[in-house]
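Okay, so here's the structure we're looking at.
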Amino acid sequence: MNGAGLLLRREMALAWNGGGGPLLACGFLLSLAVIVPLGAGPQLDQLANLAPGLVWLALSLASLLTLERLFERDFEDGTLDLLAMGPLADEAVVGVKVLAHWLTIGLPLALMTLPVGISLGLAPDQLPLLAVTAALGALAFSFTGGLGAALAIGARKGGLLIAVIVLPLFLPPVIFGAGALVAQADGRSPGPALALLAACVLVAGVVGVLAGAAGLRGSRT
Amino acid sequence: MNGAGLLLRREMALAWNGGGGPLLACGFLLSLAVIVPLGAGPQLDQLANLAPGLVWLALSLASLLTLERLFERDFEDGTLDLLAMGPLADEAVVGVKVLAHWLTIGLPLALMTLPVGISLGLAPDQLPLLAVTAALGALAFSFTGGLGAALAIGARKGGLLIAVIVLPLFLPPVIFGAGALVAQADGRSPGPALALLAACVLVAGVVGVLAGAAGLRGSRT
Amino acid sequence: MFGLANPDTFARVTRPLIAPLWVIAAGLLITGAVWAFRVPEDALQGDTVRILFIHVPAASLGLAVYGALGLSCLFYLIFRHSLADAAARAAVLPGAAYTGLALITGALWGQPMWGTWWVWDARLTSMLVLFLLYIAYAVLRGAFDDEGRAARAASVLGLVGLINLPIVKFSVDWWNTLHQPASLLRAGGTSLDPAYLWPLLIMMAAYFALFLAIWLTTLHTEIMRRRVLAMRARQAREDRHV
Amino acid sequence: MDIESRSQHGVRPMITLSLKDLAVRRGDRTLFEGLDLDVAPGEAVSLTGANGAGKSSLLRVVAGLLAPVAGAVRFEEGGQALEPAEARARHLHLLGHQDGFRSGRTAADELAFQVGWCGGTVEAMEAAVRRLALGALLPLEVRRLSAGQRRRLALARLLAAPRPVWLLDEPLSPLDSHWRAEVGQILQAHLEGGGMVLAAVHDPLPIPARTCPVGGAA
Amino acid sequence: MDIESRSQHGVRPMITLSLKDLAVRRGDRTLFEGLDLDVAPGEAVSLTGANGAGKSSLLRVVAGLLAPVAGAVRFEEGGQALEPAEARARHLHLLGHQDGFRSGRTAADELAFQVGWCGGTVEAMEAAVRRLALGALLPLEVRRLSAGQRRRLALARLLAAPRPVWLLDEPLSPLDSHWRAEVGQILQAHLEGGGMVLAAVHDPLPIPARTCPVGGAA
Ligand code: HEM
Ligand SMILES: Nc1ncnc2c1ncn2[C@@H]1O[C@H](COP(=O)(O)OP(=O)(O)OP(=O)(O)O)[C@@H](O)[C@H]1O
Ligand SMILES: Nc1ncnc2c1ncn2[C@@H]1O[C@H](COP(=O)(O)OP(=O)(O)OP(=O)(O)O)[C@@H](O)[C@H]1O
Ligand SMILES: [Mg+2]
Ligand SMILES: [Mg+2]
């Protein structure tokens with residue numbers, strides 16, 4: 001297997017066996033699906049207005065929560081040194097790690113938004129759009145998160161720092177993602193918002209990989 | 001300073017300087033306060049019905065998210081061995097660590113529920129009750145979370161295990177805590193629910209400390 | 001130009017500018033403020049139009065200062081010159097203050113004009129992002145105890161943040177938002193009533209002078225601090241040798 | 001050193017340690033069986049054996065952090081048996097590969113906690129810092145210390161919080177020759193104060209020590 | 001060994017390494033300045049020096065993981081200078097205190113990843129496992145390995161993914177005498193195949209090696 005495949009496999013195995021991140025994050029999303037409607041009681045239909053915002057908020061937080069350890073453990077136990085001595089450039093290392101994060105956390109979370117959407121009273125014909133935007137948005141979150149985690153390697157207050165770095169960069173996908181759903185619900189075309197979301201993903205991908213690699217290089221002191 | 005004080009200080013310093021857990025958790029709660037009403041738009045008064053459930057959901061999640069590492073790092077770097085060779089019994093070690101978690105995360109979160117409650121449209125005369133129940137509830141969450149974290153030490157899929165063990169134990173405080181608020185809002189006495197919540201804290205305290213100590217001892221192999 | 005990159009030259013050349021800049025900034029601020037109170041009320045907006053003179057320059061300078069910060073970061077990443085890092089750091093406080101002021105005055109203005117404090121549209125959101133970027137830069141810059149590492153990481157973030165500038169600037173043209181489209185700086189000349197234009201321009205100049213004054217003062221303090229540190233280090237080395 | 005001053009910064013309680021017919025198992029492998037060892041105050045014992053023989057495991061058993069499958073560890077103070085938990089909490093130091101330092105905190109913070117936790121005073125800590133020349137290193141984050149510096153930091157705990165039984169796992173390996181000699185003197189002083197040293201080693205200790213071979217081959 | 005078979009499981013590219021006027025600084029302290037060193041294929045160099053002198057830092061500089069404040073590290077292959085990044089990615093092994101093993105995963109998983117990452121084949125890995133007698137340890141979680149076993153696991157990477165330059169940080173200290181001798185033979189074979197060894201040590205290597213003193217005292 002080539003380097004990228006090996007690293008991807010390792011990262012995914014670590015995500016599933018190490019911290020239980022994916023299931024925790026999914027559980028977090030799901031619990032929202034259970035408890036919010038319980039609290040809402042009879043006014044469930046009014047909840048539907050909140051639904052896009054709530055789902056996207058939850059999605060972004062769930063992604064954020066699993067990011068802290070993206071590079072920190074590797075930094076502490078010397079894995080980053082090993083990774084620097086292998087076949088992949090820093091950019092590719094960041095890219096593969098981010099991809100693994102998306103595959104193990106982002107995609108499951110995107111799937112999980114469906115039951116959440118349903119239980120929050122989202123119209124059934126909105127669900128396909130929700131799934132697509134959530135998957136795209138999660139990818140953008142993973143990229144920006146990777147950037148934040150790489151820049152924060154070895155910093156004091158690592159977790160908080162990542163949140164602060166990442167928060168402004170998380171806002172656009174949230175706005176456009178929720179915006180697409182709102183537009184569809186209002187009978188407008190979700191196309192423009194969707195296009196903007198895709199643009200966010202692209203920009204996040206390029207910038208995340210480049211800046212993440214710069215963060216990796218900077219951590220070598 | 002005696003052992004308990006030292007350990008408490010260290011744990012609190014680690015919480016504040018290490019992962020940024022407290023601020024992250026508070027930010028999580030606050031973002032809820034900002035975004036949900038924005039999403040709700042003009043129907044803010046109807047939101048008040050959701051408020052107790054939402055606040056308690058957010059509180060329990062924010063507590064849970066910071067618990068995974070309560071013992072894991074100490075286990076990996078040998079601190080648990082050191083702790084075993086000091087003046088405090090395992091029960092006291094668990095108790096102090098849980099207390100530190102409550103002081104650094106639980107109490108700030110309980111405070112944070114106030115702006116959240118306000119922005120969700122909770123009646124101002126409900127705020128004192130919210131603060132008290134939230135502080136109590138956060139203590140129960142810390143204890144149950146500590147129990148889960150101790151039992152999961154060194155286990156693979158640590159985080160998942162904790163979540164699975166702990167989530168059902170999180171439910172009673174959520175129900176009674178939100179119940180107290182709902183009762184007050186409906187003009188009933190919050191007393192019974194409050195008493196039940198206090199009972200939850202007590203049970204969680206006793207069981208959490210004892211089972212947590214057993215988890216610590218079990219990790220020594 | 002590149003001679004200025006030497007901290008000592010920089011200090012020598014800019015030193016005499018600082019005090020005059022503070023005086024100019026104060027004078028312009030006072031003139032602009034007085035003038036702003038004497039412009040006629042707007043037919044549509046009434047008295048609230050006066051927010052314009054605080055809001056627009058704050059928003060413009062918030063953007064421009066981030067531009068300066070981002071370019072300093074780029075400069076630092078290319079030349080690894082610590083003066084560039086110091087310049088970026090010195091821009092954070094005035095930039096964040098201006099941006100925060102634009103957000104607050106905008107929200108205050110929005111309530112009477114649009115009937116809401118806030119909407120999540122492109123202009124307002126991207127401006128909030130700008131504010132958060134300032135904070136993120138400052139927090140990251142302070143999060144390491146290794147200075148070089150901190151400067152590098154923060155510069156990367158500062159550079160990344162530059163992407164946001166055109167988004168803020170052109171958000172009103174690219175998307176339909178509640179917010180006023182550009183009337184001052186746009187292709188085809190300004191469309192603002194001269195009665196508002198002049199005090200506005202004076203306020204702009206005042207904000208700009210104020211920024212320069214704060215920026216240069218901070219930079220000078222930083223250069224002095226470094227000189228003292230270097231001197232102490234030299235002293236310590238000499239002490240060790242005797 | 002007279003008894004008065006020893007009680008101040010030396011080792012007071014005269015503890016003896018005896019291992020009886022000890023068997024230790026990890027996973028499904030028995031590492032060793034029937035191990036007997038008596039250690040009196042002032043004695044040093046080197047535990048030797050192949051990699052994986054069970055030296056580190058034995059130290060953990062003595063420290064009470066690992067239960068043996070057979071046999072017992074006994075601590076006696078003046079002929080009277082001590083509670084194992086009591087002995088662990090008050091009379092033992094274990095210095096293993098995992099030194100319990102959090103890599104992102106400063107050496108000063110970490111040392112202060114460890115010394116305080118083990119019951120050492122601030123003055124004793126300062127003396128230990130001087131003895132081990134740690135002063136300049138205290139403001140650094142632990143992860144920045146070199147291997148030998150980090151080991152010295154860990155040793156400072158043993159000096160600053162006097163306890164009679166020292167369980168050491170390869171204590172000298174990352175130290176340079178100067179510090180090996182210094183730590184040898186520290187160990188010697190500890191023994192002279194009535195202390196005991198049980199050290200897992202691959203190279204001989206720089207002090208006179210009995211050898212106790214552990215286990216078979218790995 | 002003829003050239004044919006060496007290209008299969010030995011070290012082919014004949015790399016030379018030269019450090020010129022190197023100065024390394026950590027924090028605000030200059031560890032050493034003006035360090036010159038040339039290493040030819042088949043040569044071993046022991047880096048010696050006090051704790052904190054900068055041996056480990058020097059290894060990181062050679063590996064390209066730390067930038068020197070002055071001077072340069074040059075790799076040449078057949079008289080032609082190699083790109084530093086290229087050299088790091090293909091011709092270097094660094095074995096430090098932090099071995100990159102995740103303590104909760106099995107030795108088999110971790111070794112397979114490391115070997116694959118460094119470009120070793122499965123057959124070479126199996127040969128290395130046999131050479132270092134790791135077979136029985138592979139199913140264990142890395143945290144359960146003894147110190148010496150863990151070091152052997154880390155060394156397996158060097159055997160399984162042949163690269164000419166080995167940068168070793170105190171490679172022998174946790175090993176028992178048997179394995180010190182064995183690893184000595186492994187190093188010897190590596191040198192004979194045209195490899196190079198740069199090792200930070202406190203005890204002499206069991207192979208003939210030039211000594212390069214690093215820095216002053218800590
Ligand atoms: C929190 C809400 C608001 C934010 C974040 C905001 C932000 C901005 C920004 C970034 C600019 C661009 C400055 C430049 O291009 O140099 C601007 C200009 C301007 N804003 Fe706002 N604004 C807000 C609310 C408002 C409101 C409520 C009004 C009045 C109805 C308003 C009126 C204007 C005007 C007239 C300009 C000048 C446009 C030009 O001439 O280019 N803004 N604002
Ligand atoms: N859970 C387990 N299952 C199986 N074997 C285990 C388990 N835990 C530890 N071991 C084995 O027990 C032995 C413990 O060795 P220990 O660390 O005590 O050795 P040591 O004598 O200190 O060796 P070294 O000289 O290498 O430090 C090792 O062979 C290790 O592989
Ligand atoms: N950020 C930093 N600030 C100040 N000093 C630092 C920093 N990082 C490392 N150091 C110092 O640089 C030196 C690096 O030592 P290094 O690890 O290279 O030593 P070494 O020769 O390998 O020592 P040992 O024999 O103990 O392993 C140490 O003195 C360490 O304290
Ligand atoms: Mg051992
Ligand atoms: Mg070293």
Side-chain angles (χ1 to χ4, degrees), chain D residues 26-29 31 47-60 66 96-98 103 132-137 139-141 143-153 155 169-180 182-183 200-204 213-218, chain E residues 26-29 31 47-60 96-99 103 132-137 139-141 143-153 155 169-180 182-183 200-204 213-218:
Chain D
R26 298 232 71 179
D28 51 5
R29 236 185 78 214
L31 297 179
L47 305 173
T48 58
N51 290 139
K55 302 178 293 299
S56 304
S57 304
L58 176 59
L59 290 178
R60 290 181 72 78
L66 187 64
H97 296 288
Q98 274 157 330
S103 60
L132 290 162
L134 293 169
L137 304 175
L140 292 182
E141 286 175 19
R143 78 160 125 252
R144 306 206 184 278
L145 300 183
S146 82
Q149 291 168 341
R150 185 166 176 153
R151 181 56 55 93
R152 261 150 60 202
L153 185 67
L155 281 163
D169 201 349
E170 304 182 33
L172 302 178
S173 61
L175 298 178
D176 62 29
S177 51
H178 168 72
W179 282 106
R180 284 185 187 177
E182 290 286 323
V183 173
V201 293
H202 291 297
D203 300 297
V214 174
Chain E
R26 302 249 39 198
D28 50 6
R29 237 186 78 214
L31 297 179
L47 305 173
T48 58
N51 290 139
K55 302 178 293 299
S56 304
S57 304
L58 177 58
L59 291 178
R60 290 182 71 78
H97 296 289
Q98 276 158 329
D99 47 24
S103 60
L132 290 161
L134 294 169
L137 305 175
L140 292 184
E141 285 176 24
R143 79 159 125 254
R144 306 208 185 275
L145 299 184
S146 82
Q149 291 168 343
R150 186 168 174 150
R151 181 56 55 93
R152 262 152 56 205
L153 185 66
L155 281 163
D169 203 349
E170 303 183 34
L172 301 177
S173 62
L175 297 178
D176 62 28
S177 51
H178 169 71
W179 281 106
R180 284 183 187 178
E182 290 286 325
V183 173
V201 293
H202 291 297
D203 301 298
V214 175

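For the numbers below, each heavy atom of this structure counts, side chains included, while hydrogens, waters and symmetry mates do not. Chain letters run A, B, ... following the sequence lines, proteins first, then strands; residues in each count from 1.
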Once side chain to side chain donor-acceptor pair (under 3.5 Å) is applied, do any residues pair with E182(E), and if so which ones, sequence neighbours excluded?
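E182(E): side chain to side chain donor-acceptor pair (under 3.5 Å) contacts with R131(E).
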Does any backbone or side-chain atom of R180(E) lie under 4.5 Å from a heavy atom of chain D? Answer side chain, backbone, both or neither.
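Just the side chain, heavy atoms under 4.5 Å.
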Checking H97(E) against chain D: side chain, backbone, both or neither under 4.5 Å from a heavy atom?
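The side chain, not the backbone.
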State the OG-CG distance between S173(E) and L175(D), to the nearest 0.5 angstrom.
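Separation between the atoms: 10.5 Å.
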Inter-residue atom distance R26(E).CZ - S146(D).OG, 0.5 Å rounding
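OG of S146(D) is found 10.0 Å from CZ of R26(E).
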For the backbone of D176(E) and the side chain of N51(D), can you confirm whether one donor and one acceptor N or O come within less than 3.5 Å of each other?
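A pair under 3.5 Å: yes.
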So, for E170(D) and P174(E), which heavy atoms are closest and what is the spacing to 0.1 Å?
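So the two residues come closest at OE1-CA, 3.6 Å.
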